[in-house]
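If you read the sequence from its start, that first residue is 1, and numbering goes on from there.
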Amino acid sequence: MRGLLRDLSRDFGDFMIWYTGSKRSTSMLVYHFHDHYEIYYQLSGERRFFIGNGNYYLKKGDIALVDSNVIHRTTAYGEQGCERVLINIQKSFLNILDEDVRRIIVPSCFREGGRVLRLNTEQQLKVESLLENLLNIDIDDYRLQKTYAQTLVIQLLILLHMYVQDKSLHAARYSDPYSEKMSTIISYINRNYMNPITLSSLAKEFHMSISSLTRAFKRVTGYTFTQYLNCVRVKEAQKLLASENLSVTQLSERVGYSSINHFCRMFKRISGCSALEFKKAL
């Protein structure tokens, strides 16, 4: 795939693709999650990718598949910049697939916690060809343009489904004593977010000093413990808003907040709107 001279994005409504290139090292400033699926392809350079409860180091030809509502963040690795292509796919897009095909593709490509594939040269060329065609569609009629783009995304999903079946392509999480310990701690937070969890109680649970836990958590995830816990709780609150009819008080209690005001502040800070506004927009 030929590197582009400028950043480029194409928005087709229920899916979007963009190319980002940078000569300098940059990091995603905030941890985030979203309701759509994400495909992240590393075209050049290297990045650190925190997804689910683990860290990966991505290099050229690696592709990260991010399920909806999975907390993730990319950060710089090294001093050089990198090029990457992202595709965001709304759940509504998948309705164009046959139901049986959808049942195969979605759980195969996108799973809780995400996955990273390390493609060989031939596989990289196939993926990059599809991505380049998506970025460079030159059809005047928007309806034809979108239909053509849809066929390319479907081809990509089928290709990725095939690659996922090859276990040898699954990239291992970055492993060191810090990462393994933090992975266990993050899993614990994900299971117990609704209970009172403090930095002190977490340090005691895992036989660490508060200072050691603070440094290790930030080093591995890029977040502070408080940032991560709030993100998990707000993510779960969003899920509850979509599935149950709860008052703000009930909602805040269900996800572990003892203060309604604190819950409301965190929800708006992370979601960009209040819980009531979020509910109305569903």
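Of the options L8, L43, D7, a side chain to side chain contact (heavy atoms under 4.5 Å, CB included) to T20 is made by D7 and by none of the others.
No donor-acceptor pair closer than 3.5 Å links the side chain of S129 to the backbone N or O of L125. In this structure, S201 contributes its side chain and I197 its backbone to no donor-acceptor pair below 3.5 Å. In this structure, Q238 contributes its side chain and V234 its backbone to no donor-acceptor pair below 3.5 Å. In this structure, the side chain of R84 does not engage the main chain of Q42 through any donor-acceptor pair within 3.5 Å.
Side-chain atoms of S258 and E253 form no donor-acceptor pair, as typed in the model, at a separation below 3.5 Å. Residues D166 and S168 bring a donor and an acceptor atom of their side chains to less than 3.5 Å of each other. A side-chain donor from one of S211 and S209 sits under 3.5 Å from a side-chain acceptor of the other. Using modelled atom types, one finds a donor on one side chain and an acceptor on the other under 3.5 Å when comparing Y41 with E128.
In this structure, F49 and H72 have parallel ring planes: the angle between them is below the 30° cut-off, well short of the 60° mark. Using a 30° and 60° split on the angle between ring planes, Y142 and F12 fall in the parallel class, below 30°. Aromatic ring pairs are classed by plane angle as parallel below 30°, tilted from 30° to 60° and perpendicular above 60°; the pair Y228 and Y223 is parallel.
At a threshold of 4.0 Å, the pair D67-R111 does not count as salt-bridged, since none of the basic side-chain nitrogens sits closer than that to a carboxylate oxygen. R254 and E244 are joined by a salt bridge, as a carboxylate oxygen and a charged side-chain nitrogen come within less than 4.0 angstrom of each other. Using a 4.0 Å cut-off between a side-chain N of Lys or Arg and a carboxylate O of Asp or Glu, E83 and R47 do not qualify as a salt bridge. At a threshold of 4.0 Å, the pair E236-R233 does not count as salt-bridged, since none of the basic side-chain nitrogens sits closer than that to a carboxylate oxygen.
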Report task. Start with the C-alpha gap between I154 and I96, add the side-chain angles, then the distance that decides, and say whether side chain to side chain contact (heavy atoms under 4.5 Å, CB included) holds. Result -> CA-CA 9 Å; I154 292 170; I96 66 176; 3.7 Å; yes
